[in-house]
Amino acid sequence: MARIAIGGFQHETNTFAPSKADYAAFEAGGGWPGVQYGAPLFAAVEGANIPAAGAIGALRASGHSLVATAWAAASPSAHVMSDAFERIAGELIARLKDALPVGGVYLDLHGAMVVESYEDGEGELLRRVREVVGPRVPVVASLDLHANVTRAMVERADALVAYRTYPHVDMAETGARAARLLDQMLRAGQRPVGEFRALDYLTGLPSQCSFIEPCRSIYRELEAIEQREGVTLSFTPGFPMADFAECGMAVFGYGANAKSAIERLHRIVADAEPRFALELHAAADGVRRAKSRGEVGAPVVLADTQDNPGAGGNGDTTGVLRALIEQQADEALLGMLIDPASADRAHAAGVNSRVNFSLGGKSGIAGDAPLAGEFTVERLGDGRFTCTGPMFKGFRMTLGNMALLRSRAAPGVRVVLASRKCQAADQEMFRHLGVEPRRSRIVALKSSVHFRADFEPIAKEVLVVKSPGPALADPAEFHWRKLRKGVRLRPLGPVHA
Ligand SMILES: [Zn+2]
């Protein structure tokens with residue numbers, strides 16, 4: 001039985017997004033527990049679908065003793081500011097030094113962090129961890145499915161293990177899987193053979209969903225190869241919004257047969273390229289189709305993917321809301337529009353008051369503007385509730401002032417405001433304001449894919465709409481500068497030169 005240090009530092013960086021992540025962004029957490037130092041970490045993640053929670057449970061079950069260092073996560077955004085990185089990484093490293101000697105290290109990482117001062121945030125963190133514990137102490141990290149895995153990360157960790165679902169319903173399970181691998185390594189007393197290969201094309205977020213093809217089949221085949229070959233494999237479709245050399249998709253794995261298994265998996269993902277294409281709808285077209293097909297009890301769900309707060313959007317663009325109002329949609333619900341000033345105004349005015357708002361549109365996104373109009377304040381909330389959907393299960397939300405507004409110009413349209421950024425991926429975000437999403441004909445969500453875990457079961461149909469926002473659904477539309485040359489910017493698309 002070993003003494004194992006636990007830490008975590010998660011950020012998904014969209015280098016094209018409008019706002020950076022400062023230390024306060026990690027304190028706020030964006031739905032995650034916020035910055036944790038030392039032993040309070042254990043209670044902060046307990047019972048939630050969080051990788052560290054799964055790892056802690058599995059390591060304790062194997063009889064290891066645990067020491068908590070630091071854990072932090074923030075909403076996806078542009079770069080992590082150097083000050084925030086140094087404070088959190090500095091605390092993690094200082095506490096790791098205090099914990100020595102340790103027999104192993106488990107880290108709960110995202111894998112797509114770009115810091116102002118380091119393009120490969122996790123590579124730098126792993127370098128520092130390795131420097132403290134030396135070459136022989138096993139260091140294992142779990143990663144998000146959207147990790148942009150680098151060679152430095154692979155070299156500095158003994159093993160990396162990524163989620164297999166998008167929506168990420170397996171976060172805690174992945175932490176547990178990483179922990180079991182660490183436990184096996186401690187028992188075997190040796191580092192497993194590792195293999196890593198990058199792919200040479202990018203895919204947009206909406207087409208990476210593991211509920212649909214081609215990812216559904218890829219992950220099924222991954223598990224079949226694992227069982228056959230006795231290896232641990234990961235496929236990360238990556239986060240195609242981080243402009244640095246090693247951005248993109250990768251496959252990696254561990255075990256005696258890792259080399260041949262990874263070659264096989266690499267071939268499967270390479271061959272899947274044409275099947276990663278996805279149909280997108282203009283906002284006006286999406287609303288038109290949703291109006292004709294949606295029913296109370298079986299709404300059409302519109303995914304406003306390009307303003308997804310889970311991919312660096314601020315959740316405040318107004319294109320879809322504008323289309324709903326212009327087309328006089330009936331029994332339509334949109335959420336969450338992140339606008340703290342308007343949420344405060346609604347609270348100041350009170351329930352049943354009519355107020356002229358200038359909603360959203362404050363991030364300076366080209367083609368977007370605030371939406372002015374009169375709304376009735378129907379319901380208010382303090383933003384404190386616990387999520388119940390398959391992905392955010394157990395997450396304790398603190399979203400600040402929230403409000404439910406009804407448009408006076410289009411009385412069939414209601415919008416949920418929140419004060420702190422979080423992706424609309426759990427029905428509790430609406431129920432907190434007394435709204436049952438199923439009772440709508442149209443539900444428009446600021447999300448790319450995560451919403452599918454909780455909303456697809458009630459949806460008649462899902463349409464991914466393309467409206468102005470910083471999380472472009474087609475990676476070829478970004479102005480890439482630092483990406484390595486030779487990568488196709490979308491499946492079968494133009495080559496970055
Ligand atoms: Zn992710």
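One-based numbering, in listed order, for ligands and for the atoms of each.
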Table please: side-chain donor-acceptor pairs of residues 449-457 below 3.5 Å, with sequence neighbours left out.
residue, atom, partner, partner atom, Å
Arg452, NH1, Glu456, OE2, 2.6
Asp454, OD2, Gln427, N, 2.8

Exercise. Counting distance only, does the side-chain N/O of His146 pair as donor-acceptor with the main-chain N or O of Pro237 below 3.5 Å?
Worked result: no

Problem set entry | the Zn ion (ligand 1) reached by Glu12 (N, O or S, under 2.8 Å) | no

Problem set entry | His146 near the Zn ion (ligand 1): N/O/S under 2.8 Å | yes

Seminar exercise, completed: Residues passing the ring-ring contact (aromatic ring centres under 6.0 Å, His included) test with Phe244, sequence neighbours excluded, are none

Exercise. Which is the closest N/O/S atom of Asp144 when seen from the Zn ion (ligand 1)?
Worked result: OD1

Exercise. Do you know which two heavy atoms are closest between Val269 and Tyr201, and how far apart they sit?
Worked result: O-OH, 2.7 Å

For this session: Tell me, please, if His450 has any N/O/S atom, main chain or side chain, under 2.8 Å from the Zn ion (ligand 1)?
Result: no

